[in-house]
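Remember, predicted model here, so these are calculated numbers, not experimental data. Here is the naming used below: chain letters follow the sequence lines, and residue numbers restart at 1 for every chain.
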Amino acid sequence: MARKPAARKTTGKKPATKASSKEASSDEVGAPSDDPDFILHSLQDEFEKSKSFDASDDQMLEFYRQMLLIRRFEEKAGQLYGLGLIGGFCHLYIGQEAVAIGLQSALDNDKDSVITGYRDHGHMLAYGLDPDIIMAELTGREAGISKGKGGSMHMFSTEHKFYGGHGIVGAQVALGGGLALAHQYRDDGGICLAYFGDGAANQGQVYETFNMASLWNLPIVFVVEDNQYAMGTSTKRSSAETRFYRRGTSFRIPGMEVNGMDVLEVRAAAEVAFKHVREGKGPVLMELNTYRYRGHSMSDPAKYRTREEVQDQRDHHDPIERLKKVLVENGHGEDDLKAIDKDIRKIVAKAADFAESSAEPKPGELYTDVLVEEY
Amino acid sequence: MAIELKMPALSPTMEEGTLAKWLKQEGDTIEPGDIIAEIETDKATMEFEAIDEGTLAKILIEEGTENVAVGTVIAMLVGEGEDAGDVEAPAASDDGDDDEGSDEVVDKPGEGKDEGRDEPGGASAPKTAPRADDPAIPDGTSFTSVTVREALRDAMAEEMRADDRVFVMGEEVAEYQGAYKVTQGLLDEFGPRRVIDTPITEYGFAGIGSGAAMGGLRPIVEFMTFNFAMQAIDHIVNSAAKTNYMSGGQMRCPIVFRGPNGAASRVGAQHSQNYGPWYASVPGLIVIAPYDSADAKGLLKAAIRSEDPVVFLENELVYGRSFDVPYLDDHVLPIGKARIVREGKDATIVSYSIGVGLALEAAEKLAEEGIDAEVIDLRTLRPLDKETVLASLAKTNRLVVAEEGWPTCSIASEIIAICMEEGFDDLDAPVLRVCNEDVPLPYAANLEKLALIDAPRIVEAVKTICYV
């Protein structure tokens, strides 16, 4: 049985790091001067004080709308894949919606940059990019955001400072380090948010980047989206240390452990982490515990976990259902929420129609964009 | 028995140096470990340490003497009970090295001095055609003699002065002044924000450099040698080269990856490899491999300004050679253009990087035998200047490719394919390739020499296609 994100809500009770375990709980943490490892757990301590973001009603509705858009968009993408309209690899974000929405809602979109791996549709939608051109990229059409030449794994929007969309596991971490270096070099006040998975967390270049990011005090937030499986290998079978927020310890990078199935908790953690980085205090490593309901990609045999395990996650830890409950408690009627769902289904259906009906790239596009200049 | 103290080789490629300073004087007692002199190479100032004990009897090379060949006896040391006055300097006929002074390799197990790679060096490097003929250079331009090393540094410094987005990162580029001294002086002028020492972490800093380029900067990433860039090749190929295409032209990666490439001298198999063909096979990359100082400077400046990712392949053995560089405020050369470095009518020798020097040497020897060879320096390996190659073939009807690298799937293979596909009717003989032997590079001096391309082999190949 995989570790369950829900069970990990009790973080504060289990020993977090060797240093903090001596101190039993955050209440007893001494002053920074008494504790050489203060920096490593100070952000977690700060976060533990208030783990739920105090969102306004409008903000909550917006989070709900955005998460639902990702969910419905991805479900549609899965359908189109089944119909043969989407080819190759297609990695769906269903189940992980709260991570992208919680984090990206805390960014300053005029300054900050984002980079991720191949499971990138959700992050694109979190920016409010037109679902039509994202879906058109999935179907390989000229109107797609990469003119149909990137596909599911390679989407970019430099306008929104979203730098992809990278297919080599872990590469986006070093590239993110470079984006952070550019922020620092230009002194533009921006930070970089670099997402990677629990699988990428075992790549060597991740640690090369941790070292330089900490050494040079780069403004970067490293985000491990721990969805419990690297393709079909559970974290327990692949990782000697499964508490990924501790993986920065040797580089003096403070860690945070966050329930990635709760958008308000993700946002609360983002506030703490981004503030630290924005103040010029160097990188932060966040572990977002989440769960992907669908296979690694569309060709996943699903032999490595039970149906019951997946169903348990859907029934008890779903990020959208969780927020819906809060909204209902706050007085929103089922009808209001259904109206939102209906609206989103319409947007997604339109995107699918657009993606299906728009033209394929012209044959001449084969030879464009190889190089920028002519020689 | 007096001990001869000889000019030491302080790096694998050092052939001579300056005896900068004597720290011990005649009559001083020497203990093992004492620093007796300071020796300056083109790369660094090094301390010369005593191994034996005794008294410094005689200094044979005055301090301040330049161009002291490795192996020259510089002083005599006498042991206890010996009379310093009895010491005689070695006979003048000793040219400073124990070998026979011929061009032949003399195998001497245990002798550190490398003669395996008998590259013409320094001032004796074969001269390319006069730069004044180059259409890229205005008439009446004056020229100064500059080493390739300095030309590369000047190119970076000029571009850094002109554009704040340009910066250099890599191992030992800042405080150490460059492992091969190419970045010498840059830290002093531009400071640590723009001249960044990295840890030994090629994959990581190639990725960080690529990311910085995507984020709008103009990084120059130095690899201490391209052998170490194999750790980083994923970012060069997958991140830098493909991003523009994958993003439909939305996201660029204007970066220069540069450093020495190819065989150096006696550094063994893992440190001796030509990656030209590897990178030249990748769409989305520009690959440049210059030979002389003017091209090194003009093409590196062009590479830094390019909106595309560039792999810029240098050669350690060429760093110290001097060539004329045009005295211009802004000497920038076009990427993707080969240069005819020697005109000829009987046969064409196509080469690049260090091979150009060998090709020119071969052309001189061929001229003595009545064969007038044309030599083409490709300069850029991707995009390849097919037109210049095919035009020369149309003129000479015979072609040899000389490449310091393995023969299989080489630039030579590519040129041969182009000649066959597009120049078939111009061929009076098969195109031959002269490459290194198809083996990992051995360490032993004699084997290394056997493995590497040289001028006699190029001469032989040209004679074969001329049927003489």
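The heavy-atom pair separating Asp369(A) from Gly248(B) by the smallest distance is OD2-C, 3.3 Å. Annotation for Asp234(B) and Ala171(A): closest pair OD2-CB, 4.3 Å, computed over non-hydrogen atoms. Contact between Glu159(A) and Gln250(B) at its shortest, heavy atoms only, is N-OE1, 4.5 Å. The minimum heavy-atom distance linking Gly211(B) with Leu179(A) is given by the pair O-CD2, 3.4 Å. The heavy-atom pair separating Met212(A) from Thr201(B) by the smallest distance is CE-CG2, 3.5 Å.
Contact annotation for Gln231(B): neither backbone nor side-chain heavy atoms come within less than 4.5 Å of a heavy atom of chain A. Neither the backbone nor the side chain of Ile115(A) comes within less than 4.5 Å of any heavy atom of chain B. Contacts of Pro283(B) with chain A are made by both backbone and side-chain atoms, with heavy-atom separations under 4.5 Å. Contacts between Glu365(A) and chain B at a heavy-atom distance below 4.5 Å involve the backbone alone (N, CA, C, O). With a 4.5 angstrom heavy-atom cutoff, Thr198(B) touches chain A via backbone and side-chain atoms both. Contact annotation for Thr158(A): both backbone and side-chain heavy atoms come within less than 4.5 Å of a heavy atom of chain B. Residue Lys337(B) touches chain A through its side chain alone, counting heavy-atom pairs closer than 4.5 Å. Of the two parts of Asn238(B), only the side chain, counted from C-beta on, holds a non-hydrogen atom closer than 4.5 Å to a non-hydrogen atom of chain A. Proximity to chain A involves both the backbone and the side chain of Asp164(B), based on heavy atoms less than 4.5 angstrom apart. Neither the backbone nor the side chain of Ile220(A) comes within contact range of chain B, judged by heavy atoms closer than 4.5 Å. Proximity to chain A is absent for every atom of Arg218(B), based on heavy atoms less than 4.5 angstrom apart. For Asp308(B), the parts lying near chain A are the backbone and the side chain together; criterion is any non-hydrogen pair under 4.5 Å. Heavy atoms of Ile168(A) lying under 4.5 Å from chain B belong exclusively to its side chain. Heavy atoms of Arg252(B) lying under 4.5 Å from chain A belong exclusively to its side chain.
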Practice task
Could you give me the CA-CA distance, side-chain angles and deciding distance for Ile286(B) and Leu371(A), then say whether side-chain contact (heavy atoms from CB on, under 4.5 Å) is met?
Solution key: CA-CA 9 Å; Ile286(B) 298 289; Leu371(A) 294 173; 3.8 Å; yes

Handout entry: Step-by-step side-chain contact (heavy atoms from CB on, under 4.5 Å) determination, Ser146(A) to Met246(B)
Key = CA-CA 6 Å; Ser146(A) 300; Met246(B) 294 194 305; over 6 Å; no

Exercise for the section: For side-chain contact (heavy atoms from CB on, under 4.5 Å), just list the numbers for Ile335(B) and Glu373(A), CA-CA rounded to whole Å, side-chain angles, deciding distance to a tenth of an Å, and then say yes or no. Expected result: CA-CA 10 Å; Ile335(B) 290 169; Glu373(A) 297 188 31; over 6 Å; no

Exercise for the section: Give the C-alpha distance, both sets of side-chain angles, the deciding distance and a yes or no for side chain to side chain donor-acceptor pair (under 3.5 Å) between Glu208(A) and Tyr203(B). Expected result: CA-CA 8 Å; Glu208(A) 298 187 29; Tyr203(B) 196 6; over 6 Å; no

Handout entry: Evaluation steps, side-chain contact (heavy atoms from CB on, under 4.5 Å), between Ile196(B) and Trp216(A)
Key = CA-CA 10 Å; Ile196(B) 304 171; Trp216(A) 300 339; 3.7 Å; yes

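Here Leu175(A) contributes atom CG and Ile208(B) contributes atom CD1; the two are 9.5 Å apart, rounded to the nearest 0.5 Å. To the nearest 0.5 Å, atom CZ of residue Phe156(A) and atom CE of residue Met251(B) are 5.0 Å apart. In this structure, the separation between OG on Ser239(B) and CD on Gln172(A) is 9.5 Å, given to the nearest 0.5 Å.
Remark: the Thr368(A) side chain and the Tyr245(B) side chain contain no N/O donor-acceptor pair separated by less than 3.5 Å.
With chain A as partner, the option from Ser247(B), Pro309(B), Gly204(B), Gly249(B) having the largest number of non-hydrogen pairs under 4.5 angstrom is Ser247(B). Between chain B and the residues Ser157(A), Ser113(A), Gly164(A), Gly170(A), the most heavy-atom pairs under 4.5 angstrom are made by Ser157(A). The candidate from Tyr163(A), Tyr185(A), Tyr375(A) with the greatest count of non-hydrogen atom pairs under 4.5 Å with chain B is Tyr185(A).
Side-chain contact between Phe167(B) and Leu181(A): present, with at least one pair of heavy atoms (C-beta onward) separated by less than 4.5 Å.
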